[in-house]
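Right, one structure below, let's go through it.
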Amino acid sequence: MSYRCPAAERLTPVADARSAHVIVTVPTPAGMRNAPSPPADEDLELLLLIRHFELTLLRLFEAGELSGTTHTCLGQEYIPVALKPLLQEDDHVFSNHRGHGHFLARHAEPYGLLAEIMGREGALCAGVGGSQHIYHRRFLSTGVQGESLPVAVGVALKLKGSGALACAYIGDGTWGEGSVYEALNMARLWRVPLLVVVENNGIAQSTPTSAQMSGDIAARAAAFDVPHHRTTSTEVDEIRAELAPLVAVVRGDCRPLVAEFVTHRLGPHSKGDDTRSPEEIARAGDHDWYARYARMFPDPFDRLDRERRELVERIAAEVTARPPSVWEQR
């Protein structure tokens with residue numbers, strides 16, 4: 001039996017956005033950081049979908065409806081949403097253990113994702129991948145830190161000259177893995193279209209980045225002659241303006257790029273193991289897009305927030321009622 005998202009609740013698919021193959025300096029519009037424009041409804045809907053999806057996962061664990069573990073991207077949702085129109089349909093995306101937002105920004109299939117996490121019928125990978133290990137339509141996630149980068153280099157080599165790229169998400173803690181440096185070395189030597197997205201939330205599970213990384217990510221990328229771009233913005237339009245010409249060069253010139261996002265993780269490392277102090281958690285919350293948008297743009301925020309929350313509630317109720325997925329060997 002197959003399950004499909006009702007037509008009225010389908011989300012907009014990934015756009016096919018192409019940019020000119022040049023690097024340019026994109027100035028930040030005056031006052032944009034202090035007074036951002038309201039996000040497009042499509043972007044806000046996706047941000048809110050990911051937020052309520054992740055919160056629902058934590059509630060399902062508390063209720064005993066889920067087993068194992070999960071790692072939410074609460075606070076970091078804006079990164080894959082900002083990148084969504086910069087990625088084409090034929091690009092390959094490599095995610096990590098904190099990848100639900102990456103998937104939902106890439107594929108409008110929340111029913112299948114939740115079914116995978118819950119091991120229910122209609123699951124993306126028959127329920128054997130769970131929260132961390134998903135392979136679906138040029139999307140691959142893994143819970144093994146650093147594992148995806150060498151694979152992404154190989155895929156990017158295959159894509160070279162096609163106009164497509166490989167996008168790999170990693171965290172700041174993953175820079176402690178030797179595979180990162182082997183991958184960057186090969187990517188630059190072979191000139192492959194590889195976009196490395198670093199979600200630098202300042203903590204690797206329970207270890208602050210300042211206690212486990214000497215130097216910085218920019219210098220490490222520079223050691224391999226790989227361009228690096230760092231952004232502290234949480235505004236999707238501003239991020240796109242900065243990255244669009246750089247991503248175009250990755251495609252056109254087959255030159256890898258490390259795009260570092262200074263971000264903040266609101267939730268625990270996994271479903272309940274937060275070792276930070278209340279003050280540290282509060283500081284992370286000060287950077288949350290959700291509270292800021294609710295305050296600055298009450299309309300349409302309140303309406304869209306309610307709609308996405310109700311949608312996720314319907315998804316959870318429907319998927320929870322499904323029978324367990326049965327793995328069929330073929």
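Hydrogens, waters and symmetry mates are skipped; everything else that's a heavy atom, side chains included, is used.
Counting only distance, with no hydrogens or angles, the side chain of Tyr181 and the backbone of Trp175 share a donor-acceptor pair below 3.5 Å. Here the side chain of His287 pairs no donor or acceptor atom with the backbone of Thr263 at under 3.5 angstrom. Under the 3.5 Å distance criterion, the side-chain polar atoms of Glu116 are matched with a main-chain donor or acceptor of Gly129. Between the Thr174 side chain and the Gln145 main chain, no donor and acceptor come within less than 3.5 Å of each other. In this structure a side-chain-to-backbone donor-acceptor pair under 3.5 Å is present from Asp172 to Asn201. Distance alone, capped at 3.5 Å, places no donor-acceptor pair between the Arg322 side chain and the Arg120 backbone.
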Inset, instruction - List the steps, then state whether side-chain hydrogen bond (donor to acceptor under 3.5 Å, both in side chains) holds for His100 with Thr72. - result: CA-CA 7 Å; His100 307 146; Thr72 68; over 6 Å; no

Inset, instruction - Tell me, with the steps shown, if Phe301 and Phe297 meet ring-ring contact (aromatic ring centres under 6.0 Å, His included). - result: CA-CA 6 Å; Phe301 183 93; Phe297 313 116; 8.8 Å; no

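By the 4.0 Å N-to-carboxylate-O rule, Glu260 lies too far from Arg220 to be salt-bridged with it. Using a 4.0 Å cut-off between a side-chain N of Lys or Arg and a carboxylate O of Asp or Glu, Arg306 and Asp302 do not qualify as a salt bridge. A salt bridge is absent between Arg283 and Glu279; no separation between the charged side-chain nitrogens and carboxylate oxygens falls under 4.0 Å.
Among all heavy-atom pairs drawn from Ala156 and Ala166, the shortest one is CB-CB, 3.9 Å. Taking both residues in full, the closest heavy atoms of Val250 and Leu257 are given as CG2-CB, 3.6 Å, listed atom of the first, atom of the second, then distance. Listed here is the closest heavy atom pair of Ile170 and Asn96: CA-ND2, 3.9 Å. Closest of all the heavy-atom pairs between Arg230 and Thr232 is NH1-CG2, 4.0 Å.
Checking Leu86, Leu159, Leu165, Val155 one by one against Asp91, the side chain to side chain contact (heavy atoms under 4.5 Å, CB included) holds for a single residue, Leu165.
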